[in-house]
Structure formats: structure tokens, C-alpha cells
Number of protein chains: 4
Amino acid sequence: MALRADAARNRAAILAAASEAFAQHGPKATTEQVAQQAGVAVGTVFRHFPTKDDLLIAIMKESLERLATLANDSTLAEFFGAVADEAVRTRMVVTALGDSRLDIGDALRGLTDSVRQLLERAKAAGEARPTVQVDEVMALLTAATYAAQQSSWTSDLRHRTLAVILRGLR
Amino acid sequence: MALRADAARNRAAILAAASEAFAQHGPKATTEQVAQQAGVAVGTVFRHFPTKDDLLIAIMKESLERLATLANDSTLAEFFGAVADEAVRTRMVVTALGDSRLDIGDALRGLTDSVRQLLERAKAAGEARPTVQVDEVMALLTAATYAAQQSSWTSDLRHRTLAVILRGLR
Amino acid sequence: MALRADAARNRAAILAAASEAFAQHGPKATTEQVAQQAGVAVGTVFRHFPTKDDLLIAIMKESLERLATLANDSTLAEFFGAVADEAVRTRMVVTALGDSRLDIGDALRGLTDSVRQLLERAKAAGEARPTVQVDEVMALLTAATYAAQQSSWTSDLRHRTLAVILRGLR
Amino acid sequence: MALRADAARNRAAILAAASEAFAQHGPKATTEQVAQQAGVAVGTVFRHFPTKDDLLIAIMKESLERLATLANDSTLAEFFGAVADEAVRTRMVVTALGDSRLDIGDALRGLTDSVRQLLERAKAAGEARPTVQVDEVMALLTAATYAAQQSSWTSDLRHRTLAVILRGLR
DNA sequence: TATGAATGAGAGTTCATTCAT
DNA sequence: GATGAATGAACTCTCATTCAT
């Protein structure tokens, strides 16, 4: 059991380190770099995530789940803001996703479900017009994700950009 | 001069092949693949573009210039559509931009200038509200670029997504 | 610690193989050849010596240190002979030094120090005239190094050539 | 005939440029660099010297012939000085010679003959002791060649180094 | 289980040489 | 003859992944 605790702690450390590493150096971040930042040896990284892609997927899933939870008690405006912020944190990982055809289907479906409910509440609250559908909201969330990676992204630009989207949804 | 013609033809072939290759396999597409698709030897690719990044940059610049030209005689709505379509064609290239810190400064500034003028015209035509600034339009164009890479991107989704953005700008 | 032992053994094997390879094929010897001769994979060579030049440098340093040690208990005549012999063994490596601007500063300074002391002892023993300075001795050692690479270098020629130098120093 | 004159001029220009280039960048100097420095295209270089090695050989032969001529009317001391100076000019070329097994046999034999005669005159003049043989003089000339490539080579060091050799020969 | 050295396929890049113009 | 674009074998170096300890 002590070992299992160690293992769990390692897994978490690796995930955190990987997030950092990919955010900093993009998908080009080496597994070795990740290991180093996590304070373990490469072998340990591969024991927990048999493939580099598995690592990427794990990070994505974590991120998407965090967002799904957030979606459950946010307004539409709050949520778009949260997504943009998360994008700034996770930076390149999302980019990396485009690369390999990673299977994040479940997590994405989970998020979509949460967003669907969020959208219903938003419609009820007059935050979104009735004709809006989930898939365009998802597309716009993705869009916001990338807009947030603009090198000129400031809190002011963030505000104005999201305002346009939110205004368009209403 | 005759050789110059051959060289020019090769340069074009390489650019086209590279566009294709990167669109298909992402930035991971091999220089060798590009060469093969262009019907030349690797050395020729490197003679024209001393570095893989130079190739990426060239493609990006071409794309941005094409868009800048387009911006000059389009409405806001038409332009957003065009950008989305270009994004679908160029697929991964834009993603690759995040990867290496490629220097597309000039081309990007050129595009921004064209968009600035487009925005003025749009304001005059009542297509955009007076308070809208160029940088958020640029951010939204980037955003649209990525939204267009959604695997579920259909002409219907395209329409609804862009409609939201355009409505938000008005 | 066990792995450390393996690693050390590999490092030594690589150095030995590289010495051989460079002696045989000159600095043009492939890293792959070195690896093969050492019985390891290329990656291992690069793990130990991140750059081909690092490998060359390492060999040179080893050689210079061996000579510095030798200088400590030799007469002037013995040392010149030893240097010539080392040159025959190491053949091309010394040549390679001219190629890339390799940084062997330290090792060279170390050797110079040893030779300086050797020279003092030689003067005391009447083996060298008092006006001789270290730098010309170093130059002559370099010279002997290359003379020893003459294709016609025999033990007889070796004897007569070194005799001239030694006589000149006395 | 006009063409032949052009060709001859080109040949000379290429040889000069190659000397320069190899002196500056060592044997790593590119044929392209040579061509550029000579003001011709690569193809022209290859027309005159079918192989890079042929170029190296040509330079060496030229150099050796120049020295052979010099040997004909010099004292031993003058000649050693001339050789050292030539070495400084031609720098890396000599190094390059070690690399490829270039066939300079004739030229070398020619030089050896001249040196043999020089040596006879030197013996007659009391500049060299009777027991000295040509091959050690040749070895010492090679040696001087390399000594002259010492980074610390100054006119003072040159004087002291050559003095030792000449004293040893007497 | 963790470690980190070893592996080796693969990628980018160079450059002597060829050849169409 | 000259040009310089094209060729492609060869080389250095990287990095995901494996495995002996």
C-alpha cells in the first residue's frame, strides 16, 4: 500500500510536470524533460503512461473534466472566460492534440453534455437565443481556446473578444 | 534564364507539395515526403528552403498574403467565410505555427492592415459596431481558423458558428 | 552503481574504438563506425559524447595527459621518442585537431607545464642548453609528431631525425 | 584560342581561390566556396579538376614545385625558413593531404631531388655534417611545416625553432 | 517498482558530383 | 565552355521506447 501511495504521488507529479513542460516547450517537449521536471526517471514516466500520446491524452482528459465540472455551475459568460483561461494555462497541449489523432472521445462527450445543460440554463436566463445549438457553442469554445493563445492576449483583449462571442449568442 | 524557369517551377511544386503534406500529416510531415510529393530530391527542397521552418514560413506567408488580398474586396461576412475555408485547406499549418517560433511578423502585419481597412468599411456599412477594434477581429479570425478544424465541421455548422461571430460584431 | 560500471566500461570501449577508428580512417571516420567497433549503438556514443568533436577532444585530452605523465619521469630524449611513438599510434587524431577548433586548452597547458619542468631537469643534466625556451620545445614536439607520420618512418629514420633535434637542443 | 586563354585564366583563378579557401577553412572548405571565391560556377571548377582531391593535389604540386625551385638556389637555413613560411600560407592544405591518400609522388620526388642537391652543397659549405641523409632532412622539413602552424607561431619563435633544427644538422 | 543506460529507426541537413540549358 | 539547379548518398544527432540492474 505504501508503494501504491508512492505510485499515485508519482503519477500526479508526472501529470503536473507534463502539463508544465508541454505548456512551455510545446509538443516538442521531451519525455526526458517531463521526467526531470517530475523528479523521476524516464522509465517511471513510461510505466505510468506507456506512450507519449497517453500522457497527452491524460492531460487533455484532466483538463476537459475540470471544465465539465466548471460548466455545471457557471453562467455562459463565466464559462467562456474559464475556458480561455484554461487555454492560456495548458497552452500548447491543445495544439499537440491536433497532431496525433488522440482519442479523447469520452471526455469530450462528457464536456459536451455539461455544455448542453449549461446552454439550456443560459437560454432560460436569456443569455442565449433559443436557436443556438450545442455544436456551434463547442466550436466557439474551441475557437476561444485558440484566440487565447494570441501573443497579444491581454485581459482587455480577452474581454473584448469574449464580449463579441457572447453578444453573438444572445 | 531557362534554368531559372525550371527552378521557379520546382519552387512552386515544392510549396504546393508542402502545403498538401503538412495539411495531411501535420508539421510532422517529413521533408523527404514533401520532396517526393513534389517530384524532386531532398536536396532540391533544401536548396529552395534551407530549413524546414523556412518552408513552413513560406507557406504561411503565402496563405496570409492570399488572405490579405482577399480582405481588400470582401465584406466582413465574406472574409470570415474565406478565412474559415482557407483554414480547412491549410489545416495543420496554422497549428505548426504555434510549434516553432516562426517569424511571420511582416505577413501578419500586412494582413492586419488589410483587415483594419476592411473593418472601417464594415463599420461604414453598419456591419460592425463602431467600438470594435482590429485586434479582437484578428483574434476572432484566429478563432474561426481553429473552429474550422473541428472534425464535425459541416457547411451548416460553419454557417451557424460564423453567424454568431458576425452577429456579435454588429 | 552496477549500471555505472557498465556505463564506464562502455565509455572506455567507445574511447578505444574511436582512437582506433580515427587512427585508421582519419577524422572522417563515421560515428557509426566508432559505435560498431565499440560494440554499441550510435545513441550510446552520443550519450557519452554529445558531439563528434567531444569525442575527438576526449581522445586528445587522454593522449596529452598520458604524455604529461610520461614527461614527469623521462629524459628529454626519451620523451621525444615517446611523443613520436604516440603520434604513430594516434595518427590522424592530431591532424583532426587542426580541423575543428577543438578546445584542448587545459590539457595542452598541463602538458606544457610538465615539459617546462622536464626542460629544467634537462638543462641541469646538460641535455639542453640554457637559452632554450619551452615554446620552441613544444613546437619541436609538434614537429616530431608530424615527422613521425611520414610514410617512410622507420626506426632508423626515427633515430636519425630525433637525433638532429636533440643535438640541436644541446 | 580565345577560349583557351579564358580557360587558362579560370584554372589559375580556381587554384588561387582554392589555396585561399583551404587555408582559411581547412579541408572542410566547400567546392562551392572555392568556386565563389574564384568567381566561377561549381561546374567550372569540376571541369578543370574532376575531383576535389584533384584540386588538392594540384595545389600541393604547385607548392612543392615552387619549393623545389627555391631549393635550387638557397642555403639550408634559407630553405627551412622558406618552407616554414610557405606552410603558414598554405596552412590547412597540408593537413588535408593527410586525409585522403593523395598521389603527389612525382612532385615529392622532384622536391626530394632538389633537397638532395641542396644538402650536398650544405655539406660542402659546412652547414651540414656529412652523416646527415636526405630522408631525415625531408622529415624535418615536414616537421617544420607543422611547427609553423602552431597558433603561437611568431617570428621570434620561428627563429628559435629553426635554429635548433639547423644547429642539429651542423 | 524505480532507475537510467542502451537502443536504433528516423529526421534534418550537407556537399561532391552530374547534367540540362 | 560555363552555368547553376538538381541529385541523393552519407552523416550527425534526437528521442520514444526497452530492459538489465
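Here is the naming used below: chain letters follow the sequence lines, and residue numbers restart at 1 for every chain. No experiment lies behind these values; they were computed from the predicted model shown.
- When the salt bridge (charged side-chain N to carboxylate O under 4.0 Å, His left out) test is applied to C:Arg66, the partners found at least two apart in sequence or on another chain are C:Glu86.
- Side-chain atoms of B:Lys52 come within 3.5 Å of backbone atoms of B:Pro27 as a donor-acceptor pair (strictly under, hydrogens ignored).
- Between the CD1 atom of D:Ile57 and the P atom of E:dA16 there is a distance of 15 Å, rounded to whole Å.
- Taking every heavy atom of residues 32-43 of chain B and every atom of DNA chain E, pairs under 4.0 Å involve B:Val42, by number.
- Nearest to the side chain of D:Asn10, among F:dT12, E:dC15, F:dA2, sits F:dA2.
- Atom-to-atom, CG of D:Leu55 to C1' of E:dT17 comes out at 14 Å; the value is rounded to the nearest Å.
- Contacts with DNA chain F (heavy atom under 4.0 Å) in residues 45-52 of chain B: B:Arg47, B:His48, listed by number.
- At E:dA5, none of the side-chain N or O atoms of C:Thr44 fall inside 4.0 Å of OP1 or OP2 (strictly under the cut-off).
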Apply side chain to side chain contact (heavy atoms under 4.5 Å, CB included) to the pair D:Gln149 and D:Val88, showing each step before the final yes or no.
-> CA-CA 6 Å; D:Gln149 304 195 25; D:Val88 171; over 6 Å; no
Dot-bracket pairing map - DNA chain E, Watson-Crick plus G-U, both contacts under 3.5 Å, | cross-strand = .||||||||||||||||||||
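- Applying the side chain to side chain donor-acceptor pair (under 3.5 Å) rule to C:Thr44 yields no partners; only residues at least two apart in sequence or on another chain are considered.
- Using a 4.0 Å cut-off, some side-chain N or O of A:Thr31 falls inside it from OP1 or OP2 of F:dA16.
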Would you tabulate the side-chain donor-acceptor contacts of residues 33-43 of chain D under 3.5 Å, counting partners in other chains and residues two or more places apart, or write 'none'?
residue : atom : partner : partner atom : Å
D:Gln33 : OE1  : D:Thr30 : N            : 3.2
D:Gln37 : NE2  : D:Glu20 : OE1          : 3.4

Could you check A:Thr145 against B:Tyr146 for side chain to side chain contact (heavy atoms under 4.5 Å, CB included), going step by step and ending with a plain yes or no?
-> CA-CA 9 Å; A:Thr145 279; B:Tyr146 286 99; over 6 Å; no
Can C:Phe49 and C:Thr31 be said to form a side chain to side chain contact (heavy atoms under 4.5 Å, CB included), step by step?
-> CA-CA 10 Å; C:Phe49 305 93; C:Thr31 308; over 6 Å; no
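- In this structure, B:Thr30 reaches the sugar-phosphate backbone alone: every heavy-atom distance under 4.0 Å involves primed, P, OP1 or OP2 atoms, never a base.
- Considering only residues two or more places apart in sequence or on other chains, C:Thr142 meets the side chain to side chain donor-acceptor pair (under 3.5 Å) condition with D:Gln150.
- Taking atom NZ on D:Lys28 and atom P on F:dA10, their separation rounds to 21 Å, with Å as the unit.
- A search for salt bridge (charged side-chain N to carboxylate O under 4.0 Å, His left out) contacts involving D:Arg109 returns D:Asp106, not counting sequence neighbours.
- Looking only at side-chain heavy atoms (C-beta outward), D:Phe46 and D:Thr51 stay at 4.5 Å or farther from each other.
- With A:Leu64 as the fixed residue, the side-chain contact (heavy atoms from CB on, under 4.5 Å) test singles out one of A:Met60, A:Glu62, A:Lys61: A:Met60.
- Rounded to an integer number of Å, the gap from NE2 of C:His25 to P of F:dA10 is 15 Å.
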